[in-house]
Amino acid sequence: MTKLLNRQIANQPVTIFTLMSELARKHNAINLGQGFPDTEGPQDMVQLAANALLDGRNQYAPLTGLPELRAAVADASARFQNIPVDAESEVVVTSGATEALAASFMALIEPGDEVVLIEPLYDTYLPVVRQLGGIPRLVRLEAPDWALPREALKNAFGPRTKAIVLNTPMNPTGKVFNAEELAFIADLMRQHDSYAICDEVYEHLVFGAPHLSLMALPDMRERCIRIGSAGKSFSFTGWKVGYVTAPAPLAAVVAKAHQNLVFATAPNLQRAVAFGLNKDTAYFTQLAQEMDTKRQILSAGLARVGFGVLPCQGSYFVMADITPLANGLDDMAFSRLLTEQAGVTTIPASAFYDAQSGTPPRNLIRFAFCKREEVLIEAVARLEQWKSRQS
Ligand code: PMP
Ligand code: GLN
């Protein structure tokens, strides 16, 4: 064949998560790279999903999701974020947050529209924006505090701004945006008549600072698409059940994008997630507390090894400065070396920056702490042993 395939898709690298997970397997390393828990989520949800396979509801679910899951998403939105939404017209169930993001971008972006994105960023945003003909306007947060660069953000907005993407709690930095930062972003959105895609998959994984939704701010209700993931809220990343809440006119267009992507999501998993979202608030608080303990174990261990451990307020991830240990290696080379020589896999943080513009920092790696405590302790022990072999 001589005709070209789609170059934007073809030229995209395989995701860093797959790359590093394969490397971990090859070297039998502890995988603190790709963010997935190494324990099962609630067993009552597994049982419910298993039972649901046996009771004859295995055909297509409705396009926007099973009514019981849409109702549970709406109830959770009111309970946790004080954002009342209409289950019928303002909720769309998707196959993971990944699909929710793609469908949201499809619903908003026309060629030439500008989209404000905050670096470091999750790896699916940029390729989808570009695929749709959107023009990324990147604003970079800087370690160690990842403060919002207000002047740069202001300059990134303009008359052609269609939307900003806001990920809080943020992957990979662990930053949780505070009320003042959200108010500043909301002001810019009002001034420039912009939408926001709010990636809030880690909404329940915060360690002190509260999770605040941009959508709860004045006038933001009509401008925001809010995205959640059962993968993160229930530790079932393999289920790929996500949900979008948005004002009805916007949700209707997200649903049309969803109908072209997957049409509908597995009904048994939807039923189990509906049950999960209706759990007592204590379940969600305990999830965050357990994750916080893991964060503390890993952060303290990494600091003992000699990493420059950055603060983390939420998510599955802690970032570490490798400068004291890397002997001049960049983040990619050092991540490979740690997998091969220490038996611990991480993600080089430069993967969370636009490969087509600017120079990413090369001194940071991301560790996932959503693992059993004994695994985190073993990982730290391996890193300490590796370090003691260096001098
Ligand atoms: N957004 C962020 C910030 C993520 O970290 C992830 C993945 N873990 C996703 C979206 C995708 O979530 P899902 O697995 O539900 O597709
Ligand atoms: N969100 C996960 C992470 O950041 C990875 C998801 C994936 O592999 N697609 O590690």
Side-chain angles (χ1 to χ4, degrees), residues 12-25 31-38 41 65 69 73 92-105 117-129 141 146 165-177 196-206 211 213-214 225-244 258 261-262 265-266 269-270 272-273 276-277 291 312-319 335 345-353 364-371:
Q12 227 178 278
V14 172
T15 107
I16 190 72
F17 308 117
T18 299
L19 204 79
M20 296 311 290
S21 285
E22 278 171 6
L23 202 65
R25 263 191 299 278
N31 189 354
L32 304 186
Q34 192 176 27
F36 61 90
D38 62 352
L69 178 51
V73 171
V92 182
V93 175
T94 58
S95 292
T98 307
E99 196 235 332
L101 284 160
S104 303
F105 285 129
L117 296 154
I118 300 176
E119 276 184 326
L121 38 63
Y122 186 58
D123 74 333
T124 67
Y125 304 160
L126 267 175
V128 180
V129 168
L141 307 186
W146 311 108
V165 180
L166 184 68
N167 174 213
T168 184
M170 188 181 179
N171 179 5
T173 62
K175 175 186 171 74
V176 172
F177 284 73
I197 295 176
C198 302
D199 180 345
E200 300 182 12
V201 298
Y202 300 105
E203 63 187 316
H204 292 296
L205 297 172
V206 285
H211 167 68
S213 278
L214 187 62
I225 300 180
R226 196 168 92 84
I227 295 172
S229 168
K232 311 294 154 91
S233 295
F234 302 105
S235 309
F236 290 125
T237 60
W239 282 15
K240 299 298 289 187
V241 177
Y243 18 89
V244 170
H258 170 66
L261 286 166
V262 301
T265 299
L269 301 181
Q270 290 197 50
V273 171
L277 279 173
M291 207 57 78
C312 157
Q313 302 167 293
S315 83
Y316 278 166
F317 309 110
V318 60
M319 294 273 260
S335 286
T345 296
T346 69
I347 302 287
S350 57
F352 298 97
Y353 291 80
L364 298 171
I365 59 177
R366 188 195 80 174
F367 288 85
F369 49 76
C370 47
K371 307 291 174 183

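Note that the structure is predicted; figures quoted are calculated from it, not measured. Order of appearance sets the numbers: ligands from 1, and atoms from 1 within every ligand.
- Taking CG from L32 and OG1 from T346, the interatomic distance works out to 8.0 Å, rounded to the nearest 0.5 Å.
- Summarising the geometry, atom NZ belonging to K175 is positioned 6.0 Å from atom CG belonging to L141; distances are rounded to the nearest 0.5 Å.
- Remark: of the listed residues I197, L101, I118, L101 is the sole one forming a side-chain contact (heavy atoms from CB on, under 4.5 Å) with Y125.
- A distance of 11.0 Å separates OG1 of T173 from CG of L121, quoted to the nearest 0.5 Å.
- Between the side chain of E203 and the backbone N or O of H211, no donor-acceptor pair lies under 3.5 Å.
- Under the 3.5 Å distance criterion, with hydrogens and angles disregarded, a donor-acceptor pair is assigned to the side chains of S21 and N31.
- Within the 4.5 Å cutoff, the side chain of P169 has heavy atoms near those of the V176 side chain.
- Closer than 4.0 angstrom to ligand 1 lie heavy atoms from G96, A97, T98, L101, Y122, N167, N171, D199, V201, Y202, S229, K232, K240.
- Using a 4.0 Å heavy-atom criterion, the residues that approach ligand 2 are F17, Q34, G35, Y122, N171, K232, F317, R366.
- Atom NZ of K232 and atom OG1 of T237 lie 6.5 Å apart (nearest 0.5 Å).
- Using bins of under 30°, 30° to 60° and over 60° for the plane-to-plane angle, the ring pair F17/Y122 lands in the parallel bin.
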